[in-house]
Amino acid sequence: MYALPDQMVRSKALARCGLVLLSLWLCIQSVPISVDKTKEKAKEEELGPPESADTGLHYDRYLREVIEYLEKDPHFREKLKNANMDDIKQGKLSKELNFVQHNFRTKLDELKREEMNRLRMLIKAKHDIKEGNVDHQALLKQFEHLNHKNPHTFEVDDLDRLIKSATNDLENFDKDRHDEFKQYEMMKEHERRQRLKNLNEEDRKKEEEHYEEMKKKHASHPKVNHPGSEDQLKEVWQEADGLDPEDFDPKTFFKMHDSNGDGFFDESELEALFTKELEKVYNPENEEDDMVEMEEERLRMREHVMNETLDQNPLYTEEELREFEQQLANEENDINKKSAELQKEREELERKQEELDAQKLGLKQAMEEMERVKSQSLNADVKREYEIYDK
């Protein structure tokens, strides 16, 4: 396999920590600008949308804005140059916050207050929706990336918590995506098997033949290059960039596809390189091609290049599928049981409503009878008075 240039692929340790934490260590490698310290003056920074890629974390904007402001401080940026990822993850770098310029500290305080307000609004919304029946332990986890006991200022403990939370969350991010895809594939296979059960023998045979035909069609495609190989990169160079493969130059290739110009390939930039390969296998117009599977394959390719491993194990085993189907059956039984209970409660309510309606009707009839008797009695009294008067 052709090895990508060092600048083009992150190390395995950094890849696991994700795009944003990587910025803490790597994005500072750009050429520094010479500054006359005697004329240096702190400038007010406007709070704007962060420019780095979205991490998918619920505190994503806060994380990226904190990092981007820290990178603007000359002292902190210098310390980043000499720090390694272990130092960052162990909180050694967080202590350097004490030496960050006052105007940046003020902006960090402002960012924290905004984040605290966002979290308070989130909790209030969840509390209102669930009418007080909320999982308070789960809500507290929303605050793990900052020190909520001090809602006003951004301190060393806040940076330490933010780094540790992001490291842990981003390490599990791809795993969660794989688990979701696994659930998707098992559900798809479960539904296919359920459809077969409801068919007669002839239709079942036709459906199985069609299924096998679609599998063969999907497997019949042009050769797919090994992700990250020289052949794969040259094909992008030729087909997407329109350049002569004989003139292929890794450094030039890297500069062309480093779309944000930060000097490194992030996840989205790496995944973009695999589009040509994926188009050989997946076409949204084809019945046999599943676009959800294509995105999973794109993720696996990116992980392979970044982690230098390629898992060839099946997505799920028959035993896992049986367990999944049993789980679905149990959930269906629970729903049916609950539905039956609700139906009984409904029937009981309807019975009581009928009794109440009957009572109301009886009461109404009794009132009408009383009014009729009263009216008759009044008419009789009036008649007697007339008779007495006539005599």
Side-chain angles (χ1 to χ4, degrees), residues 10 14 17-30 32-33 42-81 83 85 87-89 91-123 125 141-173 259-264 266-269:
R10 304 174 186 162
L14 293 175
C17 292
L19 170 63
V20 175
L21 282 182
L22 188 65
S23 300
L24 274 172
W25 188 24
L26 298 182
C27 288
I28 45 80
Q29 300 298 327
S30 57
I33 299 173
K43 296 181 180 179
E44 287 296 319
E45 295 286 345
E46 293 295 328
L47 282 174
E51 298 178 356
S52 52
D54 195 319
T55 63
L57 303 176
H58 76 86
Y59 50 92
D60 169 76
R61 184 183 177 106
Y62 173 66
L63 171 65
R64 291 188 289 144
E65 287 181 332
V66 167
I67 289 173
E68 289 179 14
Y69 269 100
L70 286 173
E71 289 176 345
K72 294 175 183 177
D73 179 80
H75 172 81
F76 202 88
R77 188 179 180 88
E78 183 64 28
K79 291 297 180 181
L80 280 170
K81 291 182 180 180
M85 202 61 195
D87 290 339
I88 294 173
K89 292 169 70 174
K92 294 179 181 179
L93 193 65
S94 302
K95 298 176 182 177
E96 299 299 329
L97 182 68
N98 292 323
F99 304 99
V100 170
Q101 290 180 5
H102 175 72
N103 64 313
F104 289 119
R105 289 296 298 270
T106 301
K107 292 298 184 183
L108 292 172
D109 293 343
E110 184 178 342
L111 289 175
K112 182 178 178 180
R113 288 192 292 271
E114 289 180 355
E115 178 69 358
M116 287 294 298
N117 289 334
R118 182 189 73 83
L119 291 171
R120 289 192 187 104
M121 292 176 63
L122 175 66
I123 289 178
K141 288 184 176 295
Q142 303 282 332
F143 287 83
E144 287 184 343
H145 60 288
L146 48 70
N147 179 11
H148 62 277
K149 294 181 180 178
N150 171 19
H152 305 295
T153 58
F154 188 94
E155 305 295 341
V156 170
D157 185 44
D158 291 295
L159 181 56
D160 193 39
R161 287 170 181 254
L162 183 60
I163 290 174
K164 289 179 179 178
S165 294
T167 301
N168 181 66
D169 293 341
L170 289 168
E171 282 178 347
N172 295 325
F173 194 70
S259 57
N260 62 6
D262 65 356
F264 302 90
D266 61 31
E267 280 87 343
S268 60
E269 290 166 344

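When a residue number appears, it is its place in the shown sequence, counting from 1. Because the structure is predicted, anything quoted here is derived from the model rather than measured. Scope of the values below: all heavy atoms of this structure, side chains included, with no hydrogens, waters or symmetry mates.
At distances below 3.5 Å, at least one donor-acceptor pair connects side-chain atoms of Tyr59 with backbone N or O atoms of Ala166. Between the side chain of Asp73 and the backbone N or O of Gln101, at least one donor-acceptor pair lies under 3.5 Å. Between the side chain of Thr153 and the main chain of Asp109, no donor-acceptor pair closer than 3.5 Å is present. Asp160 places no side-chain N or O within donor-acceptor distance of the main-chain N or O of Val156, the cut-off being under 3.5 Å. Judged purely by atom type and a 3.5 angstrom limit, Arg118 has no side-chain atom pairing as donor or acceptor with the backbone of Arg113. A distance-only check finds a donor-acceptor pair linking the side chain of Lys112 to the backbone of Asn147 [under 3.5 Å].
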Audit row: Leu146, Phe154, side-chain contact (heavy atoms from CB on, under 4.5 Å) steps and yes/no | CA-CA 9 Å; Leu146 48 70; Phe154 188 94; over 6 Å; no

With side-chain contact (heavy atoms from CB on, under 4.5 Å) as the test, would you mind laying out the steps for Ile67 and Leu162 before giving the verdict?
-> CA-CA 10 Å; Ile67 289 173; Leu162 183 60; 5.6 Å; no

Trace of the side-chain contact (heavy atoms from CB on, under 4.5 Å) decision for Val66 with Asp158 = CA-CA 10 Å; Val66 167; Asp158 291 295; over 6 Å; no

Check the pair Glu155, Arg161 against salt bridge (charged side-chain N to carboxylate O under 4.0 Å, His left out), reporting the backbone distance first and the verdict last.
-> CA-CA 10 Å; Glu155 305 295 341; Arg161 287 170 181 254; over 6 Å; no

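For the atom pair CZ of Arg105 and CD of Glu110, the computed distance is 14.5 Å after rounding to the nearest 0.5 Å. The line from OG of Ser165 to CZ of Phe143 is 12.5 Å long, rounded to the nearest 0.5 Å. In this structure, Glu78 CD and Glu96 CD are separated by 11.0 Å, a value rounded to the nearest 0.5 Å.
The cationic atom of Lys72 (NZ for Lys, CZ for Arg) lies less than 6.0 Å from the six-membered ring centre of Tyr69 and within 45° of the ring axis.
Using cut-offs of 30° and 60° on the angle between ring planes, the pair His75 and Phe99 is tilted.
Leu111 is not listed as a side-chain neighbour of Glu115, based on a closest heavy-atom distance of 4.5 Å or more. Counting heavy atoms from C-beta outward, Met116 and His148 have side chains that approach closer than 4.5 Å. Side-chain contact between Leu93 and Leu159 is absent, with no heavy atoms from C-beta onward closer than 4.5 Å. His145 places a side-chain heavy atom less than 4.5 Å from the side chain of Leu119.
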